[in-house]
Number of protein chains: 2
Amino acid sequence: MNLLTLDKRVSMNIIPFSMKINPTPPCVGRPKGFDPDEALEKAMQVFWQKGYEGASLSDLTESMGINRPSLYATFGNKEELFLKVLNRYGEGPAGYVLEALNEATARAVIEKLLRSTVEMLGDPKHPRGCLAVQSALCCGDEANDVQKKTRAFRVAGQKSIFERFERAQQDGDLPASVSADDLARYVAMLLYGLSIQSANGATHEEMKSVIEFALKTLPF
Amino acid sequence: MNLLTLDKRVSMNIIPFSMKINPTPPCVGRPKGFDPDEALEKAMQVFWQKGYEGASLSDLTESMGINRPSLYATFGNKEELFLKVLNRYGEGPAGYVLEALNEATARAVIEKLLRSTVEMLGDPKHPRGCLAVQSALCCGDEANDVQKKTRAFRVAGQKSIFERFERAQQDGDLPASVSADDLARYVAMLLYGLSIQSANGATHEEMKSVIEFALKTLPF
DNA sequence: GTTGTTTTGTATCGAACGGTATGAATCTAT
DNA sequence: ATAGATTCATACCGTTCGATACAAAACAAC
């Protein structure tokens, strides 16, 4: 789910010629005492549970097992760290969203989206809820950029679902009588709603039960 | 929507006999230079937009038009102020939820809930989204109490809807084949989902359109 | 006018925030 | 071994956080 281009050095074409960007990690100097990938995973857990504003640098460095200078040297700052976490979230725990769009029919896409979401939200390895929904839903002025980018992340996911339904109508497996826009927004609503249900403490079984109800009401 | 007992002095029965609590404002001393009700309204707008953690005391006092000592003397502290705001939210902008339960049938209740929610979320007088969903969805350790009480607020609303559907089954206007638990959770999901849709920037018309779609799929 | 009570404005508290300067430590290359 | 490069650990920066101490100001009662 590569919805955002996070590396400004690449996206803005600042670097001339074909200068390589970190082609391989530097072979000189003291090696890192930690695995940046593992550290990023830990950071994701913290942001997932406490949100962008609620996660302090002390929370982050403690969970990541590194100290502040290492964090800043490796990830930039708190905001850049969060954006890298968001990207990781889209490719990892939320990667099922784009995968589900490969299902054969609109109906199958929706079933896969709902069932995968419930599986993800019910996984006790993660904090409750959806990181993209809850970690920067509303915040103070300083975190406005993070809020906007997290919202753009959600909107991009909904747009992908919408485009898949448009294709489904061309393929003929989605009746032309239903609006692809309404349907995409409706499905996104269900996913968002499940996220809040999870945050409310709904059990895995309860969520499984409610999406079966929702699927039964689908008119196609 | 009096879902929470916010005044601990009352709920815990600390005060002996029938000692009155602020029966009438004191007639001696310098009078307040502001209207606490108006100030609370302003505070609600701030928490609604920035969330509990994102709203600083400077944000609050500036919008409320008072200074810090006045805020603390009148509302206790930041947490108590938020809880009073949450109570006000339940009785004001979100008061339609309990009102909707007075509709004659389960179907009418759902229609009223969805349409009233869209009207509330589409009102440009308020910040986007639902205060009870977004203002303390996840946060740091210090705000854990606020998070729990906000979650309890949401869960209480869902429970009220559930109990209304149970009654509807006794009344016979909701088929016994549908689970009242599933249906209440489903409707709450739609309301939560609408809140996130609103935060995502969905227009009033888009939300109106998607709930009409959702209502069309209802099997009763 | 004096006293007693409450509110307001200012100035500030200790703690925590995000972020960094600095030097010791640890590696490769020669 | 030495030099060069990078990372790590400590200690600290300025700012902002929520919360208050204190005294002047504004009222009612007498």
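This structure is a prediction, so every number in the text was calculated from the model and none was measured. Numbered from 1 within each chain, the chains take letters A, B, ... in sequence-line order.
- The nearest whole Å value for the distance from the CZ atom in A/Phe34 to the C1' atom in D/dT7 is 9 Å.
- Remark: the B/Arg30 side chain and the C/dT7 base include a donor-acceptor N/O pair separated by less than 3.5 Å.
- Along DNA chain D, the nucleotide nearest to B/Leu57 and the one nearest to A/Ala73 differ in position, and the one closer to the 5' end is contacted by A/Ala73.
- In this structure, of D/dA26, C/dG18, D/dG18, it is C/dG18 that holds the atom nearest to the side chain of A/Lys78.
- Atom CZ in A/Phe75 sits roughly 15 Å away from atom P in C/dG19 (whole-Å rounding).
- Between B/Ser70 and C/dT8, a side-chain N or O to OP1/OP2 separation shorter than 4.0 Å is present.
- Looking at the side chain of B/Asn77, the nearest of the listed nucleotides D/dA19, C/dG19, D/dC17 is D/dA19.
- Judged by closest nucleotide on DNA chain C, B/Lys32 is the one of B/Arg68 and B/Lys32 placed further toward the 5' end.
- Between B/Trp48 and B/His126, the angle of the ring planes stays under 30°, which puts this pair in the parallel group of the 30/60° scheme.
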* To do: Test B/Ile110 against B/Tyr186 for side-chain contact (heavy atoms from CB on, under 4.5 Å), laying out the working first.
  => CA-CA 10 Å; B/Ile110 296 175; B/Tyr186 173 75; over 6 Å; no
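- Here B/Arg185 pairs with B/Asp181 in a salt bridge; the nearest charged N to carboxylate O distance falls below 4.0 Å.
- If you run ring pair (Phe, Tyr, Trp, His ring centres under 6.0 Å) between A/Phe82 and each of A/Tyr89, A/Phe153, A/Tyr52, only A/Tyr52 comes through.
- Nucleic acid contact for B/Ala143: none, since no nucleic acid atom lies under 4.0 Å from a heavy atom of the residue.
- Residue B/Asn67 places no side-chain N or O under 4.0 Å from the OP1 or OP2 atom of C/dT8.
- Mapping A/Asp59 and A/Pro69 onto DNA chain C via the closest heavy atom, the residue that lands nearer the 5' end is A/Asp59.
- Note on A/Ser56: a side-chain N or O is less than 4.0 Å away from OP1 or OP2 of C/dC17.
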